[in-house]
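What follows is a set of notes on a single structure, which appears directly below.
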Amino acid sequence: MICSGARRRTIDVRSAGYDDHHIFWYCAGMQAQPNRKQLTHERIVEVAARAIRRAGFQGVGVADIMKEAGLTHGGFYAHFASRDALLCEALEKAGSDSAARVAKAAAERQARGASAFRALVENYLSDSHLGATESGCPVAALVSEMPRQSRAVGNAAIQRVRALIKTVQRSLAPAAAAGEAAAIASQLVGALQLARALGNNPEGKALLAATRRQLISQYDRTSSH
């Protein structure tokens, strides 16, 4: 967040595989606090960001979102022009929250000596991510539904896919071949989806472990295996 007229500080997490879109700002000594409408808007978006990952696009109804946010259905259009407008914001929120979580965990692994790529793979294909559909990567949670959405929601979904590929690209060695990032992102998403299909159990976790080993062995050129 960038606050006008306030002292600001940048936290750079590029080394953890974070793209430019997800370099985030915080402000010290903010001159203006969010008003009630802004806070309410943010609460609705936060609820929707969890809901789309939990139940899919079709499982998100305006009335249900407003109820979960502790608000009345009639207040929805004071914040959003349409359900699609909410879904677009929810996708953005889900993506930024998930990217921040991945970046923080990856940075912690790097501090213990892992390469940027290894840290990213181990975090994305972790047992904790397996069971965290509601707070995890929106691409893995929603990719099969993305092509069937409206143009506006579809475009927002495309940005999430591109952001994931950029995150992988930043974690790779400079000598990485063209197209490697997209191929790896596909394997990350696919492995997480298959593991979730098997369940948050030993079988699902074994699939993630096998994929982690394969990806690190094949692509991690900056650390010993």
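For the numbers below, each heavy atom of this structure counts, side chains included, while hydrogens, waters and symmetry mates do not. Source: prediction; values computed, not measured.
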Check [X] against [Y] and note the closest heavy-atom contact, atom names and distance.
X	Y	value
Ala152	Cys88	O-SG, 3.5 Å
Asn200	Gly131	ND2-CA, 3.7 Å
Asn123	Ala105	ND2-CB, 2.8 Å
Ala140	Val189	CA-CG1, 3.9 Å
Ala49	Lys93	CB-CG, 3.7 Å

Subject >> Pairs flagged by side chain to side chain donor-acceptor pair (under 3.5 Å) wherever residues 76-89 is involved - sequence neighbours left out >> reply: His41-Glu89, Asp84-Ser150
Subject >> Pairs involving residues 173-184, ordered by first then second residue, that meet side chain to side chain donor-acceptor pair (under 3.5 Å) (sequence neighbours left out) >> reply: Glu180-Arg221
Between [X] (side chain only) and [Y] (backbone N and O only), is there a donor and an acceptor less than 3.5 Å apart?
X	Y	result
Arg53	Ser135	yes
Gln159	Ala156	no
Gln149	Glu145	yes

**OP:** Supply the atom-to-atom distance Ser115 OG to Ile216 CD1, rounded to the nearest 0.5 angstrom.
**Re:** 7.5 Å
**OP:** Output the distance between atom OG (Ser126) and atom CZ (Arg212), rounded to the nearest 0.5 Å.
**Re:** 7.5 Å
Subject >> Residue list, side-chain hydrogen bond (donor to acceptor under 3.5 Å, both in side chains) with Ser186, at least two apart or on another chain >> reply: none
Original post:
With the 4.5 Å side-chain cut-off for hydrophobic clustering, are Val45 and Leu91 part of the same group?
Top reply: yes
Original post:
Are Leu198 and Leu130 joined in one hydrophobic group, where the rule is that I, L, V, M, F, W and Y side chains link up if heavy atoms are under 4.5 Å apart?
Top reply: no
**OP:** Scan for ring pair (Phe, Tyr, Trp, His ring centres under 6.0 Å) pairs involving residues 124-155, sequence neighbours excluded, and state none if there are none.
**Re:** Tyr124-His129
Can you list everything that forms a side-chain contact (heavy atoms from CB on, under 4.5 Å) with [X]? Sequence neighbours excluded, please.
X	answer
Gln187	Gln214, Leu215, Tyr219
Arg112	Glu108, Arg109
Asn155	Arg151, Ile158
Ala181	Ile165, Val168, Gln169, Leu172

**OP:** Give the C-alpha distance, both sets of side-chain angles, the deciding distance and a yes or no for side chain to side chain contact (heavy atoms under 4.5 Å, CB included) between Leu192 and Thr211.
**Re:** CA-CA 9 Å; Leu192 185 58; Thr211 308; over 6 Å; no
Original post:
salt bridge (charged side-chain N to carboxylate O under 4.0 Å, His left out): which pairs involve residues 182-194, sequence neighbours left out?
Top reply: none
Original post:
Which pairs count as salt bridge (charged side-chain N to carboxylate O under 4.0 Å, His left out) when at least one residue sits in residues 35-49, sequence neighbours excluded?
Top reply: Glu46-Arg50
**OP:** Please name all residues satisfying salt bridge (charged side-chain N to carboxylate O under 4.0 Å, His left out) with Lys205, sequence neighbours left out, ordered by chain then number.
**Re:** none
Please tabulate, for side-chain N and O atoms in residues 55-72, each donor-acceptor pair with protein atoms closer than 3.5 Å (sequence neighbours left out).
from, atom 1, to, atom 2, distance (Å)
Glu68, OE1, Arg54, NH2, 3.2

**OP:** Inspect the contact between Asp97 and Arg101 and indicate whether a charged nitrogen and a carboxylate oxygen are less than 4.0 angstrom apart.
**Re:** no
